[in-house]
Amino acid sequence: MKKKRELSTTQVIALGFLLAILAGTFLLTLPVSSAAGVWTGPVDALFTATTSVCVTGLVVVDTYSYWSLFGQIVILFLIQIGGLGIVTLTTSVMVFMGRKVTLKDRLLLEDAFNLNTMSGLVRFLKNIIKGTLLIEGIGAVCYSFTFIPRFGLIKGLWVSVFQTVSAFCNAGMDIIGSNSYMDYVRNPWVNFVTMFLIILGGIGFIVWWDVVRVIQQCYRKEINVRQFFGRLKLHTKIVLLMTGILIFTGMIAVLALEYHNPQTLGELNFFEKLQASLFQSVTLRTAGFATISQKGLKESTSLVCMFLMFIGGSPVGTAGGIKTTTAAILFIAAFSVAKGKEEAVIFRRSIARETVRKALAIVVFSVMAAVLAVLLLLTLEQGSFMDVVYETFSAIGTVGLSRNFTASLDVAGRLVISLCMYLGRIGPISMMIAFHFKKGKSGMGVYPKEDITVG
C-alpha cells in the first residue's frame with residue numbers, strides 16, 4: 001500500500017496563499033465587484049488579488065474608484081488573510097467554532113510561527129487575534145477623526161477601517177484618493193497614526209508578547225526598568241534594534257538627499273521635511289503608502305529605498321522582505337569573520353551556524369529572484385532601468401511603492417510582478433521547499449574537505 005503523503009507546513013502555507021489568490025481573482029472578476037458593474041479582466045483581477053493577499057499594494061487600477069463596495073470588502077478580507085497568514089486564520093476559525101485543535105494542527109502552528117515549543121500555542125494564537133483586533137480598532141478610531149469630517153459618517157468609518165487594516169497589515173492600498181497619502185504630507189495626526197500601525201504590524205507577533213511579558217514583570221516589580229531590555233529574548237532584541245537603526249538611518253538619508261528637491265521635500269518646512277522623511281523610512285518597511293512622489297526621488301535616494309525595501313520588516317508579522325533578523329545575522333556573521341571569531345555573537349549569545357546558513361540562503365535566493373525579474377521586465381517592458389528595478393524590489397519586498405510604472409505594465413509584465421509579489425510573501429527559498437515534493441536520499445558518508453581560495 002502506498003503511504004499517504006502529507007503536506008509540510010511550507011507547502012500548506014504556499015498552497016493556502018495560492019488558493020486565496022485564486023478565490024479572490026474569481027470574486028474580483030464579477031461585475032458586482034466593479035463600480036461600473038462590468039466584468040474585470042482576469043489579469044487585472046489576478047494582479048489585484050495577488051497584491052492584496054501578498055499585502056504589497058501595487059495596483060493596476062485605482063482601488064478607491066474602480067472597485068465597488070463589494071469589491072473593496074473582498075480586497076480588505078484578502079488583505080487581512082495575507083497579513084495574519086493562512087495558518088493563523090484557518091486555525092482561529094477552528095478555535096472559535098469550538099473544534100478541537102489536534103496535535104497535527106499544533107505542529108502546523110509551531111512551524112508557521114517558527115516556535116520551538118507547543119506550550120500555550122492556542123493561547124498565543126488567541127492573543128494574536130485579540131491584539132490585532134484591538135490595535136486595528138484603536139487605529140480606526142484614530143483615523144475617524146480625520147476621515148469622518150472629510151467623507152461623512154458612514155463612508156468615513158469605512159475608509160477608517162479599510163486604511164487601518166491596510167496599514168497594520170503593511171498592505172499599502174488606500175481608498176482615500178488618487179494621490180495616496182500625499183494630501184496628508186503636512187498632517188502629523190494621519191502620519192503618526194499610520195506609522196504606529198505599520199511598525200506594530202511589521203515587528204512581528206512574537207515581539208509583541210515578549211515585550212508584554214517583560215512589561216508585566218516590571219509591573220509586578222519582579223525587575224526594575226533598567227533591566228527591561230536585558231530580559232527580552234534575543235530575537236526581540238535584534239528586531240527592536242534593527243528596526244530602530246533602519247528607520248533612523250533611512251530617515252536621515254532621505255532628509256539629507258531630498259532636502260532641497262522641489263519634487264519631494266523642497267517645498268516643506270523643516271518639521272514637515274523631518275516628518276515626511278520619517279514616514280518614507282517607515283513605509284519602506286513594506287507598507288507602501290506614500291506622502292511624497294516616488295517618481296520625483298533622486299536616483300541616490302531610490303537606491304537607499306530599494307535597500308530598505310529588500311530588508312523589509314520582521315518575521316512572524318505582517319511585513320515582507322528578507323526580514324530584519326536575516327540582515328542582522330549576516331552582518332553579525334560578517335563582522336565576526338573580520339574579527340577572527342569562529343562564531344557569530346551578539347548580546348553575549350552565539351547564533352547557531354544553521355541559522356547563519358539559512359539567512360545566507362534566503363538572501364542569495366531573494367537576490368537571484370530579483371535579478372531574474374529585472375531581466376524579464378527589461379526585456380518585456382519599455383520602462384527606464386530605475387523604474388523597473390524599483391518596481392521589482394517593491395514587489396519582492398511586498399512594499400507597494402511605485403514610480404508610476406505599475407499601471408503601464410503589459411499583461412506579461414503584470415504576471416511577472418504578480419509572481420514577484422507571491423515569491424516575496426512566502427519567500428523564494430520557501431517556494432523551492434514547498435514545491436520540492438521528492439525527498440532526496442540522505443547519504444551517510446562524509447566527503448573529504450578541500451580548501452578553496454575566496455576574496
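Because the structure is a prediction, the values reported are computed rather than measured.
Atom CD1 in Ile203 sits 7.0 Å away from atom OG1 in Thr243 (nearest 0.5 Å). Atom CG of Leu297 and atom CG of Leu303 lie 11.5 Å apart (nearest 0.5 Å). Residue Asp44 holds its CG atom at 4.5 Å from CZ of Arg414, rounded to the nearest 0.5 Å. Rounded to the nearest 0.5 angstrom, Arg213 CZ and Thr236 OG1 are separated by 7.5 Å. Atom CG of Leu284 sits about 13.0 Å away from atom CE of Met251, to the nearest 0.5 Å.
Without hydrogens or angle criteria, Ser33 side chain to Leu27 main chain gives a donor-acceptor distance under 3.5 Å. In this structure a side-chain-to-backbone donor-acceptor pair under 3.5 Å is present from Arg425 to Gly82. Thr29 contributes no side-chain N or O that, together with a main-chain N or O of Thr40, makes up a donor-acceptor pair within less than 3.5 Å. Not one N or O on the side chain of Asp387 forms a donor-acceptor pair closer than 3.5 Å with the backbone of Phe405. Side-chain atoms of Gln280 never come within 3.5 Å of backbone atoms of Thr291 as a donor-acceptor pair (strictly under, hydrogens ignored). Using a distance-only test at 3.5 Å, with no hydrogens or angles considered, a donor-acceptor pair links the side chain of Thr25 to the main chain of Ile21.
A side-chain donor-acceptor contact under 3.5 Å links Thr406 and Glu391. There is a side-chain donor-acceptor pair under 3.5 Å between Glu136 and Gln80. Side chains of Arg403 and Ser302: a donor-acceptor N/O pair is present below 3.5 angstrom, by distance only.
A perpendicular orientation is assigned to the rings of Trp158 and Phe162, their planes being inclined by more than 60° (bins at 30° and 60°). Between Tyr143 and Phe147, the ring planes are tilted. Angles from 30° to 60° get that label. Note on ring orientation: taking the six-membered ring where Trp is involved, the planes of Phe270 and Tyr259 are tilted (angle from 30° to 60°). Ring pair Tyr181/Phe289 is tilted by interplanar angle, where 30° to 60° counts as tilted.
Atom NZ of Lys298 sits in a crowded spot, with more than 12 heavy atoms from other residues, nucleotides or ligands closer than 6.0 Å. Residue-environment remark: CZ (Phe26) stays at or below the threshold of 12 foreign heavy atoms within 6.0 Å. Heavy atoms from other residues, nucleotides or ligands lying under 6.0 Å from CZ of Arg357 number 12 at most.
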